[in-house]
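Below is one structure, written out as structure tokens, with a few remarks after it.
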Amino acid sequence: MVCRFKNDMPTQHVQWVEVETSSLTGSGKPVIRRMLRNNAIEAWETMQKSGGWKRCQLRW
């Protein structure tokens, strides 16, 4: 799995992050959702602590 976090259009009161998750092989449609920035940071930190996720260069 590949997960991409990208800043989305901020509003006057909150900052949003677009989170796209897809298969590393590119099969199937990616799942795209929006999260509050603080929630996205917490999700990423949790993913890294689980040991299965690491930061890499964008290839897709």
Side-chain angles (χ1 to χ4, degrees):
M1 294 293 292
V2 176
C3 186
R4 178 177 68 160
F5 292 83
K6 181 177 110 177
N7 287 330
D8 201 8
M9 299 173 68
T11 65
Q12 185 177 11
H13 302 288
V14 295
Q15 292 182 330
W16 292 98
V17 173
E18 182 180 280
V19 181
E20 180 178 344
T21 307
S22 65
S23 171
L24 189 58
T25 62
S27 60
K29 284 189 164 187
V31 176
I32 299 172
R33 61 184 185 264
R34 284 176 39 155
M35 299 175 76
L36 292 172
R37 184 178 186 275
N38 291 342
N39 292 347
I41 290 169
E42 184 178 329
W44 173 242
E45 289 172 350
T46 301
M47 291 165 69
Q48 287 182 304
K49 288 177 186 174
S50 74
W53 295 88
K54 64 179 181 176
R55 187 177 186 148
C56 64
Q57 296 296 320
L58 183 63
R59 296 183 188 162
W60 48 283

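- In the hydrophobic clustering of ILVMFWY residues, with side-chain heavy atoms under 4.5 Å counting as a link, Val2 and Val31 come out apart.
- In this structure, Trp53 and Cys3 approach most closely via the heavy-atom pair CZ3-CB, 3.8 Å.
- Summarising the geometry, atom CD1 belonging to Ile41 is positioned 10.5 Å from atom CG belonging to Leu36; distances are rounded to the nearest 0.5 Å.
- For the side chain to side chain contact (heavy atoms under 4.5 Å, CB included) test with Glu18, the passing option among Arg4, Met35, Arg33, Met9 is Arg4; the others fail.
- The minimum heavy-atom distance linking Pro30 with Glu20 is given by the pair CB-OE2, 3.5 Å.
- Of all heavy-atom pairs spanning Lys54 and Trp44, the tightest one is C-CH2, 3.8 Å.
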Would Asn7 and Val17 count as a side-chain contact (heavy atoms from CB on, under 4.5 Å) if you check the C-alpha gap in whole Å, the side-chain angles of each, and the deciding distance to 0.1 Å?
CA-CA 5 Å; Asn7 287 330; Val17 173; 4.2 Å; yes

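- Here the CD atom belonging to Glu42 is positioned 5.5 Å from the OG1 atom belonging to Thr46, to the nearest 0.5 angstrom.
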